Amino acid sequence: MAEAGLNQKENVLNDEALFENEDQDFEFDEGGLELAAKEADLDYEAELEGNYPNENFSLPEQWDSGKAILPTITDWSSTELTREGGDGPAPFRSGAITPDGLIDEDFEAEIGTPSDDEETDEEFQDIAEHKILEVAGDDLYGRKVIVFAACKLPPSAQIDHQRLLEYMKHVLDQYVENDYVIVYFHFGLTSKNKPKLTWLIQIYRELDRKYKKNLKALYIVHPTNFIRILWNLFKPFISVKFGRKIMYVNYLHELKEHLHFDQLVVPPLVLQHDAKLVASNKPKYPYGQDSSDAGTLPTQQYGVSLQHIKSHYGCVIPPAVQQTVDYLRQNALDVEGIFRRSANAVQLKAVQKKFNHGERVDFAVEGDEHIPAVALKIFLRDLQEPLLTFDLYQPVLRLHTVEDERRVAEVRRMLHEELPEDNYQILKFIVQLLTEVVDHSAINKMNSSNLAIVFGPNLLWPKGQASLSSMGYLNNFARFLIDNYSQVFDR
């Protein structure tokens with residue numbers, strides 16, 4: 001099925017034509033590492049209307065057809081979603097969640113701590129107020145989700161793109177030491193708000209290995225001709241490994257296989273554009289294939305309420321929490337990067353399915369301590385209401401205004417008086433484990449700050465999307481619970 005606005009030009013020459021055209025004047029340095037636009041940038045408006053800036057522009061061979069140009073995420077098997085394909089160069093493909101199912105390469109000896117620098121946030125207030133960049137919790141595999149919306153870019157004359165780049169680095173610096181993904185909403189980029197091509201090149205150069213290493217997926221939503229043109233331009237400089245992290249997403253519903261879609265506050269312009277594409281192209285909706293999983297099972301534990309679980313199993317601590325915590329306590333306290341690293345997506349889905357059918361999971365058979373760690377995080381994130389409840393969201397955000405000497409007493413009061421008893425017991429059970437992980441931090445490299453970044457957004461979130469500023473408060477609260485466990489939870 002052809003995507004709207006991605007029609008092919010009939011007469012194409014080789015790639016050299018792009019550089020021979022005087023309207024697109026690029027030049028490379030001697031090492032072939034620098035690409036600079038000297039006079040004109042790509043015409044985004046023409047691109048959005050389906051016109052190439054250069055009729056002689058050559059596309060990769062696999063695009064030279066009148067059929068579907070960009071595959072959807074759901075075109076790939078579950079094995080392809082978690083494992084690399086064959087060696088050698090390959091175009092961007094859709095659906096490869098990570099370069100490998102087990103995120104086990106290039107692990108650093110130590111990881112950073114969360115940034116609490118409120119003065120820096122205030123410094124970028126003029127950029128942050130546009131909400132171009134947002135944090136949207138974790139994806140289905142426990143990785144932080146960063147959202148970039150092109151339609152929120154103001155006219156180029158009204159924003160300093162260099163400061164935008166510095167702000168992007170400031171935001172990413174808080175998360176890049178952990179696995180993370182980026183969702184880029186491309187629709188809404190026009191000739192009025194487009195940055196220069198040289199700025200895009202600068203981004204790729206300045207966001208070096210520190211930022212690329214733990215980026216596990218870059219979802220490009222509603223890609224157009226311009227994206228394909230950029231791919232052809234950047235292809236000589238992009239590593240094969242990084243290229244495999246990039247996924248085209250033709251329709252918003254495709255994101256649901258990999259993200260908590262309700263966390264994403266999708267800009268209205270993007271929603272409207274997606275609705276038009278769906279109405280026009282009528283794509284096959286890829287869900288509901290397994291009728292056995294339709295509806296809510298009596299034994300279900302993921303994606304339901306704590307009351308639902310308790311009514312069936314008759315216990316306060318859900319079996320999924322009990323089993324994961326017990327296994328981690330006995331086997332994973334010394335595992336480097338525990339709770340920080342991702343796990344195999346196929347194994348995770350199998351574990352969730354077993355829990356949802358009331359089966360006991362033997363994590364020793366799974367052979368990876370990160371499986372129960374991520375399964376626990378996903379359980380918390382999938383709850384219909386956060387463990388700390390929606391009612392405590394604003395009180396937690398206001399906690400930073402309480403004097404230091406009164407903070408422990410206020411948190412005790414908040415948890416004892418305002419949190420339901422079952423929620424309190426589950427929270428205490430989990431935080432106790434986290435204190436034990438911290439006790440082994442000299443080996444596992446996971447101190448309370450690192451754990452707070454992981455667990456803050458999974459313990460509490462608003463009914464809408466959390467802002468970047470609120471994420472810092474949530475992380476600080478999680479760290480406070482861990483650091484002050486005995487004072488907060490002892491009755």
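In this chain, residues are counted from 1 in sequence order. Predicted model only: the values in this text are computed from it and were never measured.
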Discussion item. If you take the centroid of each ring, where Trp contributes its six-membered ring, are Y180 and Y175 closer together than 6.0 Å?
Written reply: no
Worksheet item: Salt-bridged, E134 to K131, with N to O below 4.0 Å?
Response: no
Worksheet item: Between H273 and F187, does the ring centroid distance fall short of 6.0 Å?
Response: yes
Item to complete: In plain terms, say whether D139 and K216 are close enough for a salt bridge, that is, a side-chain N and a carboxylate O under 4.0 Å apart.
Response: no
Worksheet item: Does H161 have any ring pair (Phe, Tyr, Trp, His ring centres under 6.0 Å) partners at least two apart in sequence or in another chain, and if so, which?
Response: W199
Worksheet item: Cut-off 3.5 Å, side chains only: do Q322 and D326 have a donor facing an acceptor?
Response: yes
Item to complete: Step by step, work out the ring pair (Phe, Tyr, Trp, His ring centres under 6.0 Å) result for H416 and Y424.
Response: CA-CA 7 Å; H416 292 175; Y424 177 89; 5.0 Å; yes
Discussion item. Testing the basics here: between I338 and L451, what is the closest heavy-atom pair and its distance to 0.1 Å?
Written reply: O-CD2, 4.4 Å
Worksheet item: Which one of V176, L164, I203, L207 satisfies the side chain to side chain contact (heavy atoms under 4.5 Å, CB included) criterion with K169?
Response: L207
Discussion item. So that I can tick it off, tell me whether R413 and E418 are bridged by a salt bridge, with the cut-off set at under 4.0 angstrom between side-chain N and carboxylate O.
Written reply: yes
Worksheet item: Mind checking whether F379 and Y302 have parallel, tilted or perpendicular rings, split at 30° and 60°?
Response: perpendicular
Practice prompt. Please determine, by modelled atom types, if Q425 and E421 share a side-chain donor-acceptor pair under 3.5 angstrom.
Written response: yes
